[in-house]
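A short worksheet on the structure shown next.
Since we're looking at a predicted model, the values are computed, not measured.
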Amino acid sequence: MKLLVTGGAGFIGSAVVRLAVARGHSVVNLDALTYAACLDNVATVADNPRYSFEQADIRDRAAMDRILAQHKPDAIMHLAAESHVDRSIDGPGTFIETNITGTYTLLEAARAYWVAQGRPTSFRFHHISTDEVFGSLGSEGQFTEETPYDPRSPYSASKAASDHLVQAWHHTYGLPIVLTNCSNNYGPYHFPEKLIPVIILNALAGKPLPIYGDGSNVRDWLYVEDHADALLLVVQQGAVGRSYNIGGENERSNLDLVRSLCGILDELRPKPQGSYADQITFVTDRPGHDARYAIDPARISTELGWRPSVTVEEGLRRTVEWYLANEGWWRALQERSGVGERLGVKS
(Lines give C-alpha, C1' and ligand atoms only; values in the text may rest on other atoms or scores of the structure.)
Protein backbone atom coordinates (compact mmCIF):
# COMPACT_ATOMS: atom_id res chain seq x y z
CA MET A 1 0.00 0.00 0.00
CA LYS A 2 1.29 3.48 -0.82
CA LEU A 3 0.51 6.01 1.91
CA LEU A 4 0.72 9.79 1.87
CA VAL A 5 1.20 10.83 5.50
CA THR A 6 0.71 14.52 6.26
CA GLY A 7 2.58 15.76 9.31
CA GLY A 8 4.92 12.80 9.09
CA ALA A 9 7.79 14.61 10.80
CA GLY A 10 5.71 15.28 13.89
CA PHE A 11 5.23 13.13 16.97
CA ILE A 12 2.37 10.82 15.97
CA GLY A 13 2.97 11.16 12.23
CA SER A 14 6.57 9.99 12.50
CA ALA A 15 5.47 6.94 14.52
CA VAL A 16 3.08 6.09 11.68
CA VAL A 17 5.81 6.60 9.09
CA ARG A 18 8.31 4.41 10.92
CA LEU A 19 5.83 1.59 11.50
CA ALA A 20 4.39 1.72 7.98
CA VAL A 21 7.81 1.45 6.38
CA ALA A 22 8.75 -1.37 8.76
CA ARG A 23 5.64 -3.25 7.64
CA GLY A 24 6.51 -2.95 3.95
CA HIS A 25 4.33 -0.03 2.91
CA SER A 26 5.59 2.76 0.67
CA VAL A 27 5.34 6.13 2.42
CA VAL A 28 5.40 9.71 1.20
CA ASN A 29 6.00 11.98 4.19
CA LEU A 30 4.47 15.42 3.57
CA ASP A 31 5.38 18.01 6.18
CA ALA A 32 5.73 21.80 6.24
CA LEU A 33 8.47 21.50 8.90
CA THR A 34 6.99 24.04 11.28
CA TYR A 35 8.30 24.44 14.84
CA ALA A 36 7.12 21.04 16.17
CA ALA A 37 8.42 18.96 13.25
CA CYS A 38 11.79 17.23 13.25
CA LEU A 39 13.24 15.12 10.46
CA ASP A 40 15.37 13.31 13.02
CA ASN A 41 12.10 11.60 14.00
CA VAL A 42 12.22 9.63 10.75
CA ALA A 43 15.99 9.27 10.41
CA THR A 44 15.76 5.50 10.84
CA VAL A 45 13.78 5.16 7.59
CA ALA A 46 15.15 8.13 5.63
CA ASP A 47 17.35 5.96 3.40
CA ASN A 48 14.74 3.26 2.82
CA PRO A 49 13.76 3.01 -0.87
CA ARG A 50 10.08 2.85 0.16
CA TYR A 51 10.31 6.28 1.84
CA SER A 52 10.21 9.74 0.29
CA PHE A 53 9.81 13.24 1.70
CA GLU A 54 7.97 16.30 0.41
CA GLN A 55 8.21 19.63 2.21
CA ALA A 56 4.91 21.41 1.59
CA ASP A 57 2.07 23.17 3.40
CA ILE A 58 -1.36 21.52 3.28
CA ARG A 59 -2.84 24.97 2.61
CA ASP A 60 -0.95 25.11 -0.71
CA ARG A 61 -3.41 23.64 -3.23
CA ALA A 62 -0.96 23.64 -6.13
CA ALA A 63 1.59 21.71 -4.09
CA MET A 64 -1.05 19.21 -2.96
CA ASP A 65 -2.18 18.63 -6.55
CA ARG A 66 1.40 18.14 -7.73
CA ILE A 67 2.33 15.72 -4.94
CA LEU A 68 -0.80 13.60 -5.37
CA ALA A 69 -0.38 13.42 -9.14
CA GLN A 70 3.30 12.55 -8.84
CA HIS A 71 3.13 9.93 -6.09
CA LYS A 72 -0.35 8.45 -6.69
CA PRO A 73 -1.04 7.22 -3.14
CA ASP A 74 -3.61 4.56 -2.30
CA ALA A 75 -4.52 6.44 0.87
CA ILE A 76 -3.96 9.75 2.61
CA MET A 77 -3.37 9.67 6.35
CA HIS A 78 -3.96 13.24 7.49
CA LEU A 79 -2.12 14.01 10.72
CA ALA A 80 -0.78 17.50 9.95
CA ALA A 81 -2.21 19.88 12.54
CA GLU A 82 -1.46 22.47 15.13
CA SER A 83 -2.10 20.55 18.35
CA HIS A 84 -0.91 22.38 21.49
CA VAL A 85 -3.88 23.67 23.49
CA ASP A 86 -1.85 26.34 25.29
CA ARG A 87 -0.56 27.77 22.01
CA SER A 88 -4.14 27.81 20.67
CA ILE A 89 -5.18 30.01 23.59
CA ASP A 90 -2.43 32.52 22.87
CA GLY A 91 -2.73 32.44 19.07
CA PRO A 92 -5.87 30.77 17.71
CA GLY A 93 -5.46 32.07 14.17
CA THR A 94 -2.78 29.57 13.22
CA PHE A 95 -5.02 26.73 14.39
CA ILE A 96 -7.91 27.98 12.27
CA GLU A 97 -5.70 28.31 9.21
CA THR A 98 -3.92 24.96 9.48
CA ASN A 99 -6.56 22.70 11.00
CA ILE A 100 -9.61 24.05 9.17
CA THR A 101 -8.42 25.76 5.99
CA GLY A 102 -5.61 23.26 5.56
CA THR A 103 -7.95 20.29 5.90
CA TYR A 104 -10.38 21.87 3.44
CA THR A 105 -7.60 22.42 0.90
CA LEU A 106 -6.34 18.87 1.30
CA LEU A 107 -9.86 17.46 0.97
CA GLU A 108 -10.41 19.33 -2.28
CA ALA A 109 -7.07 18.16 -3.65
CA ALA A 110 -7.85 14.60 -2.58
CA ARG A 111 -11.29 14.74 -4.17
CA ALA A 112 -9.88 16.00 -7.47
CA TYR A 113 -7.20 13.31 -7.41
CA TRP A 114 -9.73 10.57 -6.56
CA VAL A 115 -12.03 11.66 -9.40
CA ALA A 116 -9.12 11.82 -11.86
CA GLN A 117 -8.17 8.27 -10.88
CA GLY A 118 -11.68 7.05 -11.71
CA ARG A 119 -13.11 7.14 -8.16
CA PRO A 120 -11.46 3.91 -6.97
CA THR A 121 -13.40 2.34 -4.12
CA SER A 122 -10.12 1.24 -2.53
CA PHE A 123 -8.93 4.82 -1.97
CA ARG A 124 -9.07 6.19 1.59
CA PHE A 125 -8.83 9.63 3.15
CA HIS A 126 -8.04 8.90 6.80
CA HIS A 127 -8.50 11.89 9.06
CA ILE A 128 -6.78 11.60 12.45
CA SER A 129 -8.40 13.67 15.20
CA THR A 130 -8.65 13.94 18.98
CA ASP A 131 -11.01 13.08 21.81
CA GLU A 132 -10.92 16.74 22.82
CA VAL A 133 -13.65 17.47 20.26
CA PHE A 134 -16.11 15.80 22.65
CA GLY A 135 -15.52 18.27 25.48
CA SER A 136 -15.18 17.41 29.14
CA LEU A 137 -16.47 14.42 31.15
CA GLY A 138 -17.48 14.23 34.76
CA SER A 139 -16.23 11.50 37.05
CA GLU A 140 -18.23 8.81 35.20
CA GLY A 141 -18.74 7.75 31.59
CA GLN A 142 -16.62 7.55 28.45
CA PHE A 143 -16.58 9.11 25.01
CA THR A 144 -18.08 6.95 22.25
CA GLU A 145 -18.36 7.63 18.54
CA GLU A 146 -21.90 8.88 19.20
CA THR A 147 -20.91 11.44 21.84
CA PRO A 148 -22.05 14.94 20.78
CA TYR A 149 -19.26 17.35 19.92
CA ASP A 150 -18.60 19.99 22.59
CA PRO A 151 -15.11 21.48 22.04
CA ARG A 152 -13.86 23.90 24.72
CA SER A 153 -10.57 25.31 23.39
CA PRO A 154 -9.56 26.95 20.10
CA TYR A 155 -7.55 23.81 19.35
CA SER A 156 -10.40 21.36 19.92
CA ALA A 157 -12.86 23.64 18.11
CA SER A 158 -10.59 23.71 15.05
CA LYS A 159 -10.27 19.92 15.11
CA ALA A 160 -14.03 19.53 15.49
CA ALA A 161 -14.51 21.72 12.43
CA SER A 162 -12.06 19.62 10.43
CA ASP A 163 -13.87 16.42 11.49
CA HIS A 164 -17.14 17.86 10.21
CA LEU A 165 -15.55 18.87 6.92
CA VAL A 166 -14.23 15.35 6.36
CA GLN A 167 -17.63 13.81 7.07
CA ALA A 168 -19.30 16.36 4.79
CA TRP A 169 -16.95 15.56 1.88
CA HIS A 170 -17.93 11.91 2.29
CA HIS A 171 -21.68 12.52 2.41
CA THR A 172 -21.75 15.23 -0.27
CA TYR A 173 -19.11 14.04 -2.74
CA GLY A 174 -18.75 10.36 -1.89
CA LEU A 175 -15.07 10.67 -0.93
CA PRO A 176 -14.12 7.39 0.81
CA ILE A 177 -13.11 8.51 4.30
CA VAL A 178 -12.39 6.99 7.68
CA LEU A 179 -12.00 9.07 10.83
CA THR A 180 -10.33 8.36 14.17
CA ASN A 181 -10.38 10.23 17.47
CA CYS A 182 -7.61 9.37 19.90
CA SER A 183 -6.82 10.00 23.55
CA ASN A 184 -3.61 11.65 24.81
CA ASN A 185 -0.53 10.17 23.17
CA TYR A 186 2.89 9.83 24.77
CA GLY A 187 6.16 8.08 24.06
CA PRO A 188 9.47 8.57 22.18
CA TYR A 189 9.93 11.72 20.08
CA HIS A 190 7.22 13.63 21.97
CA PHE A 191 7.87 17.34 21.40
CA PRO A 192 9.22 18.89 24.62
CA GLU A 193 6.39 21.33 25.26
CA LYS A 194 3.82 18.65 26.22
CA LEU A 195 3.21 17.48 29.79
CA ILE A 196 5.22 14.26 29.99
CA PRO A 197 8.42 15.53 28.33
CA VAL A 198 8.15 18.80 30.26
CA ILE A 199 8.08 16.86 33.53
CA ILE A 200 10.98 14.60 32.55
CA LEU A 201 13.20 17.40 31.29
CA ASN A 202 12.38 19.86 34.09
CA ALA A 203 13.09 17.14 36.63
CA LEU A 204 16.50 16.44 35.14
CA ALA A 205 17.27 20.18 35.06
CA GLY A 206 16.29 20.68 38.71
CA LYS A 207 13.41 22.97 37.72
CA PRO A 208 9.87 23.07 39.16
CA LEU A 209 7.48 20.43 37.84
CA PRO A 210 4.41 22.55 36.96
CA ILE A 211 0.97 21.01 37.47
CA TYR A 212 -2.10 23.01 36.47
CA GLY A 213 -4.68 23.64 39.20
CA ASP A 214 -4.75 20.86 41.78
CA GLY A 215 -3.66 18.11 39.40
CA SER A 216 -7.01 16.35 39.43
CA ASN A 217 -7.61 16.61 35.66
CA VAL A 218 -7.78 13.09 34.21
CA ARG A 219 -6.56 11.89 30.81
CA ASP A 220 -6.57 8.50 29.07
CA TRP A 221 -2.97 7.82 28.01
CA LEU A 222 -2.22 6.04 24.74
CA TYR A 223 1.31 4.90 23.88
CA VAL A 224 2.14 6.40 20.49
CA GLU A 225 3.28 3.14 18.90
CA ASP A 226 -0.01 1.50 19.89
CA HIS A 227 -1.78 4.43 18.23
CA ALA A 228 0.24 4.05 15.04
CA ASP A 229 -0.68 0.36 14.95
CA ALA A 230 -4.38 1.23 15.29
CA LEU A 231 -4.19 3.88 12.57
CA LEU A 232 -2.65 1.50 10.05
CA LEU A 233 -5.35 -1.03 10.87
CA VAL A 234 -8.15 1.51 10.36
CA VAL A 235 -6.83 2.83 7.04
CA GLN A 236 -6.68 -0.73 5.69
CA GLN A 237 -9.74 -2.34 7.27
CA GLY A 238 -11.99 0.41 8.63
CA ALA A 239 -15.48 0.76 7.12
CA VAL A 240 -15.88 3.69 4.73
CA GLY A 241 -17.59 6.67 6.36
CA ARG A 242 -17.07 5.27 9.84
CA SER A 243 -15.31 6.81 12.82
CA TYR A 244 -13.32 4.89 15.42
CA ASN A 245 -12.30 6.04 18.90
CA ILE A 246 -8.79 4.92 19.89
CA GLY A 247 -7.97 4.92 23.59
CA GLY A 248 -5.25 3.52 25.80
CA GLU A 249 -7.58 2.39 28.60
CA ASN A 250 -5.07 4.00 30.96
CA GLU A 251 -6.75 6.82 32.89
CA ARG A 252 -4.58 8.80 35.27
CA SER A 253 -4.89 12.17 36.96
CA ASN A 254 -2.16 14.61 36.05
CA LEU A 255 -0.83 14.51 39.62
CA ASP A 256 -0.69 10.71 39.70
CA LEU A 257 1.02 10.70 36.30
CA VAL A 258 3.69 13.14 37.44
CA ARG A 259 4.30 11.18 40.63
CA SER A 260 4.76 8.02 38.55
CA LEU A 261 7.31 9.77 36.35
CA CYS A 262 9.17 11.00 39.42
CA GLY A 263 9.28 7.47 40.81
CA ILE A 264 10.75 6.10 37.58
CA LEU A 265 13.35 8.88 37.49
CA ASP A 266 14.21 8.27 41.15
CA GLU A 267 15.03 4.69 40.17
CA LEU A 268 16.80 5.27 36.85
CA ARG A 269 18.68 8.51 37.62
CA PRO A 270 18.46 9.20 41.37
CA LYS A 271 19.13 12.65 42.78
CA PRO A 272 21.91 13.13 45.31
CA GLN A 273 19.23 13.92 47.88
CA GLY A 274 15.47 13.55 48.03
CA SER A 275 13.00 12.70 45.28
CA TYR A 276 12.11 14.40 42.03
CA ALA A 277 8.60 14.67 43.48
CA ASP A 278 9.99 17.39 45.76
CA GLN A 279 10.06 19.63 42.66
CA ILE A 280 6.27 19.39 42.07
CA THR A 281 4.73 22.86 41.93
CA PHE A 282 1.05 23.72 41.45
CA VAL A 283 0.45 26.62 39.06
CA THR A 284 -2.59 28.62 37.98
CA ASP A 285 -4.86 26.51 35.82
CA ARG A 286 -5.23 27.30 32.14
CA PRO A 287 -8.52 28.81 30.88
CA GLY A 288 -11.23 26.27 30.06
CA HIS A 289 -9.19 23.28 31.23
CA ASP A 290 -11.28 20.12 30.58
CA ALA A 291 -11.75 18.01 33.70
CA ARG A 292 -11.58 14.50 32.26
CA TYR A 293 -11.25 12.59 28.99
CA ALA A 294 -11.89 8.87 28.66
CA ILE A 295 -12.46 6.79 25.54
CA ASP A 296 -14.58 3.70 25.06
CA PRO A 297 -12.67 1.70 22.38
CA ALA A 298 -15.41 -0.94 21.98
CA ARG A 299 -16.03 -0.24 18.28
CA ILE A 300 -12.44 -0.64 17.11
CA SER A 301 -12.05 -3.63 19.41
CA THR A 302 -15.23 -5.38 18.23
CA GLU A 303 -15.04 -4.54 14.53
CA LEU A 304 -11.29 -4.61 13.90
CA GLY A 305 -9.90 -6.59 16.82
CA TRP A 306 -7.59 -3.87 18.13
CA ARG A 307 -6.68 -3.32 21.78
CA PRO A 308 -3.82 -1.31 23.28
CA SER A 309 -0.82 -3.48 24.14
CA VAL A 310 1.18 -1.13 26.38
CA THR A 311 0.13 -0.31 29.95
CA VAL A 312 0.77 3.19 31.19
CA GLU A 313 3.33 1.87 33.69
CA GLU A 314 5.29 0.12 30.96
CA GLY A 315 4.90 3.02 28.52
CA LEU A 316 6.07 5.66 30.99
CA ARG A 317 9.17 3.64 31.79
CA ARG A 318 9.96 3.21 28.08
CA THR A 319 9.44 6.94 27.57
CA VAL A 320 11.72 7.99 30.43
CA GLU A 321 14.39 5.56 29.25
CA TRP A 322 14.17 7.01 25.73
CA TYR A 323 14.60 10.61 26.92
CA LEU A 324 17.54 9.64 29.11
CA ALA A 325 19.19 7.99 26.10
CA ASN A 326 18.44 10.74 23.54
CA GLU A 327 19.60 13.99 25.09
CA GLY A 328 20.92 15.31 21.79
CA TRP A 329 17.45 15.09 20.23
CA TRP A 330 15.59 17.02 22.90
CA ARG A 331 18.26 19.61 23.66
CA ALA A 332 18.13 20.85 20.06
CA LEU A 333 14.34 21.22 20.23
CA GLN A 334 14.43 23.13 23.49
CA GLU A 335 15.92 26.06 21.57
CA ARG A 336 12.77 26.48 19.46
CA SER A 337 10.31 29.33 19.96
CA GLY A 338 8.06 29.05 23.00
CA VAL A 339 9.53 25.79 24.32
CA GLY A 340 10.03 26.00 28.07
CA GLU A 341 7.78 29.07 28.44
CA ARG A 342 4.43 29.15 30.22
CA LEU A 343 1.85 29.48 27.43
CA GLY A 344 -1.92 29.57 27.42
CA VAL A 345 -2.42 32.18 30.11
CA LYS A 346 -4.41 34.62 27.99
CA SER A 347 -8.17 34.74 28.54
Side-chain angles (χ1 to χ4, degrees), residues 1-31 36-37 41-42 44-45 50-51 58 73-81 83 99 103 106-107 110 122-133 143 145 159 162-163 166-167 170 175-191 220-250 295-310 315:
M1 194 173 193
K2 190 168 193 179
L3 304 171
L4 175 67
V5 179
T6 72
F11 171 47
I12 302 174
S14 66
V16 171
V17 168
R18 294 190 303 270
L19 184 60
V21 172
R23 290 184 175 175
H25 299 291
S26 295
V27 176
V28 181
N29 178 1
L30 188 161
D31 201 295
N41 297 2
V42 292
T44 57
V45 299
R50 294 191 304 275
Y51 172 85
I58 58 171
D74 302 307
I76 296 171
M77 300 183 72
H78 178 35
L79 293 106
S83 66
N99 298 353
T103 299
L106 185 63
L107 280 166
S122 60
F123 179 76
R124 294 292 181 272
F125 185 104
H126 181 183
H127 180 62
I128 290 85
S129 189
T130 171
D131 61 357
E132 297 190 38
V133 300
F143 297 133
E145 291 81 0
K159 288 299 289 185
S162 67
D163 289 8
V166 171
Q167 292 282 18
H170 170 61
L175 187 69
I177 67 99
V178 285
L179 191 149
T180 50
N181 297 85
C182 68
S183 57
N184 282 45
N185 280 225
Y186 70 103
Y189 300 100
H190 204 176
F191 192 73
D220 173 25
W221 291 95
L222 174 64
Y223 194 62
V224 69
E225 292 174 8
D226 270 348
H227 188 200
D229 176 60
L231 294 178
L232 289 173
L233 180 64
V234 170
V235 78
Q236 294 175 89
Q237 298 184 26
V240 172
R242 202 132 170 90
S243 65
Y244 296 89
N245 282 358
I246 305 171
E249 298 183 277
N250 283 306
I295 273 186
D296 178 359
R299 176 178 289 179
I300 191 172
S301 174
T302 301
E303 295 185 9
L304 303 181
W306 181 88
R307 296 295 294 270
S309 67
V310 180

Closest non-hydrogen atom pair, [X] against [Y]:
X: Glu145; Y: Ser243; value: CG-O, 3.4 Å
X: Gly238; Y: Arg124; value: O-NE, 4.2 Å
X: Ala75; Y: Val235; value: CB-CG2, 3.8 Å
X: Ala80; Y: Gly7; value: CB-N, 3.6 Å
X: Ser183; Y: Gly247; value: OG-CA, 3.5 Å
X: Ala20; Y: Val27; value: CB-CG2, 3.6 Å

Measure the spacing between [atom1] of [X] and [atom2] of [Y] and express it to the nearest 0.5 Å.
X: His170; Y: Leu107; atom1: NE2; atom2: CG; result: 12.5 Å
X: Ser83; Y: Asn99; atom1: OG; atom2: CG; result: 8.0 Å
X: Arg18; Y: Arg23; atom1: CZ; atom2: CZ; result: 13.0 Å
X: Ile58; Y: His78; atom1: CD1; atom2: NE2; result: 4.5 Å
X: Thr6; Y: Ile76; atom1: OG1; atom2: CD1; result: 8.5 Å
X: Arg299; Y: Tyr244; atom1: CZ; atom2: OH; result: 7.0 Å

[X] side chain near [Y] side chain, heavy-atom distance below 4.5 Å:
X: Glu225; Y: Leu19; value: no
X: Leu231; Y: Ile12; value: yes
X: Leu3; Y: Leu232; value: yes
X: Ile246; Y: Trp306; value: yes
X: Arg307; Y: Glu249; value: yes

Criterion side-chain contact (heavy atoms from CB on, under 4.5 Å) against Phe125, the qualifying member of Ile177, Val240, Leu179: Ile177

Under the side-chain contact (heavy atoms from CB on, under 4.5 Å) test against Val178, which residue among His126, Gln236, Met77 passes? His126

Any donor and acceptor pair, going by atom type alone, linking the side chain of [X] with main-chain N or O of [Y] inside 3.5 Å?
X: Asn41; Y: Ser14; result: no
X: Lys159; Y: Asp131; result: no
X: Arg50; Y: Val21; result: yes
X: Ser301; Y: Pro297; result: no
X: Asp226; Y: Val310; result: yes
X: Asp220; Y: Asn250; result: yes
X: Asn29; Y: Gly8; result: yes

Mind checking whether Tyr186 and Tyr223 have parallel, tilted or perpendicular rings, split at 30° and 60°?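 Perpendicular: the ring planes of Tyr186 and Tyr223 meet at over 60°.
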
Using the side-chain hydrogen bond (donor to acceptor under 3.5 Å, both in side chains) rule, pick out the option among Asn181, Asp163, Thr180 that qualifies with His127.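 With His127 as partner, Asn181, Asp163, Thr180 yield a single side-chain hydrogen bond (donor to acceptor under 3.5 Å, both in side chains), made by Asp163.
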
